[in-house]
Amino acid sequence: MHPLFADSSAPSLPLHVVPTEALPDFLASQPEALRLWLQQSRFQAALGDVRLIPGADGVAGAVVGFGTPQARARLRFGLARAVASLPLGAWRIEGDLTPAQRDEAALGWLLAQYRFDRYRSTAPEPMPQLIAPEGCDLAALQAMAAGEFLTRDLINTPAADMGPAELATAMADLAQRFGASFTAITGEALLEQNFPMIHAVGRASPRAPRLLDLRWGSAGPQLTLVGKGVCFDTGGLNIKPSAGMALMKKDMGGAATVLGLAQMIMQLGLPLRLRVIVAAVENVISGNALKPKDILTSRKGLTVEVNDTDAEGRLVLADALALATEEPCDVLISMATLTGAARVAVGPDLAPYYTDDSAMVQALEAGAVAGFDPVWRLPFHSPYEPVIEPGIADLDNAPGYGFAGSVTAALFLRRFADHPRYMHFDIYGHMPADAPARPKGGAGQGARALLGALPAMLGL
């Protein structure tokens, strides 16, 4: 599935966008028949509310409410509600929108085209298409939507069809499409090449663990992305209850999101060198499963006491981050569906992130606004460092502190990401309910914000 705008030369129908406060003036400017129709149908210009305009040969256009400023602040992509109510064909937006409102409307329309139809016996119904509003960056908007579609597809695919091997195939396919290189280290070779914690987490599964590595670009600053690819997480011997496993096909959401961002970067041909590292494993149970109180020696040489086998994501990321720092890069970013504590802190709609670099913060916050991709900074609070130091080993993967679970997990990762320009995202990767342009299911978080931030972060 490819998000596309309609051909700008195609015959199109007008979609009049009317803010609530402008409704009286809009009604006064319309022919009497349309004015009466809108009044009799109780059109109040609520955000996303649609009325079709009848014409001699069928539908002559439509009117959609843009709501109040307060309503727009409370609901991203509100205009995308209209897409499902419009007849097939090409549509053009008419109305006095700011450049940011125009971009949001266009991106929301593209994102609303997404359907996960892999397991349906019937093809999805086609959707109405939008002629890109004048002044929009078509290439950027289509790249953002295409990258998001990839992320959603990867997360939505059940674990039976999206294990470490299948995630490797998806990454290899992405590399081939854009002329990137791809390598994978699999199974026992992880021990031979010093990825002991990735191997330890994934060894209980018959689906061998992997370290996946994609490289693209030959000039410019280097961006390295690291993603958590836990394709299913039972919790290991600290097994989750059944309710806790219900969404665990999404535990590779960090990997899915960095791959979506990588696609955006490569599709746009940004002038940089890109490296993407993914630790792909299943955390399941067998006789050789990782055990509570085991002590692992990481790639970096730090020892880790395993106090909870369900805190496995930080273990595999630690080896991947250690690899990432073994060669110079200008910016290092990790993404993971890492902690429930992050969801308690900010809920499912915000992407919390950590960094010690104030310039990266400024760039990311601006990118989040431009990409309609909200983020929220949480602290690398160094006074909590003793919490992750158990005494028997260098580090504890699951301290029984009872507080600041996302912060202590981020501090754990920082021990392995020895880089001054490091940023970590603790994302959710899932929409718990349908929302405009964001159906229930897999969702990317932070990728569009990062895409907008990269020029400032890397001096592009």
Side-chain angles (χ1 to χ4, degrees), residues 183-204 208-213 222 224-230 236 254-255 275-281 283 288-336 338-339 354-356 380-399 401 407-424:
T183 58
I185 302 169
T186 303
E188 296 304 305
L190 291 167
L191 292 177
E192 297 166 7
Q193 299 190 44
N194 193 25
F195 296 97
M197 296 209 293
I198 296 174
H199 181 271
V201 171
R203 71 192 183 206
R210 288 162 167 80
L211 186 286
L212 312 176
D213 199 339
Q222 178 162 317
T224 299
L225 305 176
V226 178
K228 172 188 169 185
V230 178
R275 187 181 189 188
V276 183
I277 300 171
V278 168
V281 301
N283 185 27
N288 68 339
L290 185 65
K291 298 175 180 64
K293 296 299 181 180
D294 279 355
I295 295 179
L296 305 176
T297 300
S298 68
R299 179 180 183 85
K300 191 174 181 178
L302 294 172
T303 56
V304 180
E305 182 179 16
V306 178
N307 278 305
D308 190 340
T309 63
D310 195 20
E312 83 298 332
R314 66 202 69 181
L315 299 177
V316 301
L317 280 173
D319 273 357
L321 285 167
L323 172 66
T325 59
E326 289 169 9
E327 70 174 41
C329 67
D330 294 277
V331 168
L332 172 62
I333 297 169
S334 60
M335 303 193 85
L338 203 62
T339 71
Y354 297 82
T355 186
D356 290 321
F380 274 132
H381 189 55
S382 294
Y384 290 158
E385 290 275 3
V387 172
I388 60 173
E389 297 167 349
I392 193 173
D394 295 319
L395 294 169
D396 183 339
N397 84 318
Y401 183 52
V407 177
T408 55
L411 291 172
F412 181 97
L413 295 179
R414 191 174 66 170
R415 294 290 187 96
F416 298 87
D418 187 14
H419 195 288
R421 306 190 70 205
Y422 171 56
M423 180 177 282
H424 163 62

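Positions are given from 1, in the same order as the sequence printed here. Note that this is a predicted model, so its numbers are computed, not measured.
Between the side chains of Tyr422 and Ser334, at least one donor-acceptor pair of N or O atoms lies under 3.5 Å. Side chains of Thr303 and Glu305: a donor-acceptor N/O pair is absent below 3.5 angstrom, by distance only.
Between Arg414 and Asp356, some side-chain heavy-atom pair lies under the 4.5 Å cut-off. For the pair Asp319 and Pro196, the minimum side-chain heavy-atom distance is below 4.5 Å. You'll find the side chain of Val226 stays beyond 4.5 Å of the side chain of Met335, heavy atoms only. Between Thr224 and Ile277 there is a side-chain heavy-atom pair separated by less than 4.5 Å. Side-chain contact between Pro399 and Asn307 is absent, with no heavy-atom pair separated by less than 4.5 Å. Put simply, the side chain of Pro209 reaches to within 4.5 Å of the side chain of Leu190, judged on heavy atoms. Looking at Leu323 and Phe195, their side chains come closer than 4.5 Å, going by heavy atoms from C-beta outward. Residues Ile295 and Val306 have side chains not in contact (no heavy-atom distance under 4.5 Å, counting atoms from C-beta outward).
In this pair, His424 and Tyr354 present their aromatic rings parallel. The plane angle is below 30°, not in the 30 to 60° band.
Between Ala208 and Thr186 the shortest heavy-atom distance is CB-CG2, 3.8 Å. When all heavy atoms of Cys329 and Leu332 are compared, the pair lying nearest together is SG-CB, 4.1 Å. Across Ala409 and Thr339, no two heavy atoms sit closer than the pair CB-CG2, 3.7 Å. When all heavy atoms are compared, the tightest approach of Ile198 to Ala320 is CD1-N, 4.4 Å. Residues Gly301 and Asp394 come closest through the heavy atom pair O-OD2, 4.2 Å.
If you take CG on Asp396 and OG1 on Thr408, they are separated by 9.0 Å, rounding to the nearest 0.5 Å. Taken to the nearest 0.5 Å, the OG1 atom of Thr183 stands 8.0 Å off from the CG atom of Leu212. Taking CD of Glu385 as the reference point, atom CG of Leu395 lies at 8.5 Å (rounded to 0.5 Å). Taking CG from Leu191 and NE2 from His199, the interatomic distance works out to 4.0 Å, rounded to the nearest 0.5 Å.
Under a 3.5 Å cut-off, the side chain of Arg299 and the backbone N or O of Asn194 do form a donor-acceptor pair. His381 contributes no side-chain N or O that, together with a main-chain N or O of Pro383, makes up a donor-acceptor pair within less than 3.5 Å.
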Please tabulate, one pair per line, all N/O donor-acceptor pairs under 3.5 Å involving side-chain atoms of residues 310-318, not counting sequence neighbours.
| residue | atom | partner | partner atom | Å |
| --- | --- | --- | --- | --- |
| Asp310 | OD1 | Lys240 | NZ | 3.2 |
| Asp310 | OD2 | Lys240 | NZ | 3.0 |
| Arg314 | NH1 | Asn397 | O | 2.8 |

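Within a 6.0 Å radius of CG in Asp418, other residues, nucleotides and ligands contribute 12 heavy atoms or fewer.
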task: Carefully, step by step, assess Thr309 and Val201 under the rule side chain to side chain contact (heavy atoms under 4.5 Å, CB included).
output: CA-CA 8 Å; Thr309 63; Val201 171; over 6 Å; no
query: Which is it for Arg275 and Asp213 under the salt bridge (Lys or Arg N to Asp or Glu O under 4.0 Å) test, yes or no, and what are the steps along the way?
result: CA-CA 7 Å; Arg275 187 181 189 188; Asp213 199 339; 2.6 Å; yes
- request: Please test Leu296 against Leu290 for side chain to side chain contact (heavy atoms under 4.5 Å, CB included), starting from the C-alpha separation and ending with a verdict.
  value: CA-CA 10 Å; Leu296 305 176; Leu290 185 65; 3.9 Å; yes
- request: Show your working on salt bridge (Lys or Arg N to Asp or Glu O under 4.0 Å) between Glu188 and Arg203 and close with a plain yes or no.
  value: CA-CA 9 Å; Glu188 296 304 305; Arg203 71 192 183 206; over 6 Å; no
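Taking the six-membered ring for Trp, Tyr401 and Tyr384 have ring centres closer than 6.0 Å.
Taking 4.0 Å as the cut-off between side-chain N and carboxylate O, Arg415 and Glu389 count as a salt-bridged pair.
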